[in-house]
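Every value quoted in this text rests on a predicted model; they were computed, and no experiment measured them.
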Amino acid sequence: MAAATTPVVPEQSASTTHLPMLDLSKPPVIDGFTPLSRPREETFQEKFMRKSKENPFVPIGCLGTAGALMYGLRAFKQGKTRQSQLLMRGRIFAQGFTVVAIIFGVFTTALKID
């Protein structure tokens, strides 16, 4: 009977393997691809200033609405009914102006070509 021989398997050392270790704390490395850096988040004040510059009529309308409301309430408290009624009508006008400004801003943004 012939003796059974086992096939010879060459040993592989750690230095001969070319597979990189998987590091889950870092993004994967892909040849020929450079990831874009993530833009930093805007603060509330930066976003408010940017939006106000894009459509300045909205904050103007909001201030007009708030101003007419405050003066109208003060006139109502003082018993000046005629002035109070005029200021409340002015408030309605300012609110309409603000809504139209918002709609106009939405349409101009939608039609803007980048």
Side-chain angles (χ1 to χ4, degrees):
M1 266 191 135
T5 61
T6 59
V8 178
V9 178
E11 291 186 24
Q12 293 180 350
S13 65
S15 64
T16 60
T17 59
H18 296 290
L19 298 175
M21 293 299 295
L22 183 62
D23 186 8
L24 297 177
S25 65
K26 296 179 183 175
V29 178
I30 302 171
D31 291 333
F33 176 74
T34 55
L36 298 174
S37 62
R38 191 177 266 175
R40 69 178 188 86
E41 295 290 322
E42 277 184 309
T43 63
F44 174 78
Q45 183 178 7
E46 292 170 339
K47 186 174 183 179
F48 180 78
M49 294 305 293
R50 180 177 55 85
K51 294 283 189 177
S52 295
K53 288 176 185 175
E54 288 175 7
N55 192 357
F57 297 114
V58 173
I60 291 169
C62 289
L63 288 175
T65 302
L69 176 65
M70 298 306 285
Y71 285 127
L73 289 175
R74 191 184 86 193
F76 181 74
K77 184 178 179 182
Q78 293 174 351
K80 301 176 183 176
T81 57
R82 174 87 175 126
Q83 184 181 11
S84 175
Q85 278 293 324
L86 288 174
L87 286 167
M88 288 301 115
R89 290 177 186 162
R91 177 187 59 87
I92 298 298
F93 174 76
Q95 280 180 312
F97 176 80
T98 305
V99 169
V100 169
I102 291 170
I103 292 170
F104 179 74
V106 168
F107 280 127
T108 57
T109 303
L111 297 176
K112 188 188 301 183
I113 299 172
D114 289 331

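- Between Glu54 and Arg50, at least one side-chain nitrogen of the basic residue sits less than 4.0 Å from a carboxylate oxygen of the acidic one, meeting the salt-bridge criterion.
- Interatomic distance, CE of Met49 versus CD of Gln45, reported as 7.0 Å (0.5 Å rounding).
- The minimum heavy-atom distance between Leu87 and Ala68, with the atom names listed, is O-CB, 3.7 Å.
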* Check against salt bridge (charged side-chain N to carboxylate O under 4.0 Å, His left out), Glu46 and Arg40 -> CA-CA 12 Å; Glu46 292 170 339; Arg40 69 178 188 86; 3.0 Å; yes
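- The cluster map of Ile, Leu, Val, Met, Phe, Trp and Tyr, joined by side-chain heavy atoms under 4.5 Å apart, puts Phe57 and Phe107 in different clusters.
- A side-chain donor-acceptor contact under 3.5 Å links Thr98 to the backbone of Ala94.
- Note: Thr65 OG1 to Phe93 CZ = 10.0 Å, rounded to the nearest 0.5 Å.
- Here the NZ-CD distance, from Lys47 to Glu41, works out to 9.5 Å after rounding to the nearest 0.5 Å.
- Across every non-hydrogen atom of Ser84 and Gly72, the tightest pair is OG-O, 3.4 Å.
- The CG atom of Leu69 lies 9.5 Å from the CD1 atom of Ile92; values are rounded to the nearest 0.5 Å.
- With a 6.0 Å radius and a threshold of 12 heavy atoms from other residues, nucleotides or ligands, Gln78 has its CD atom above the threshold.
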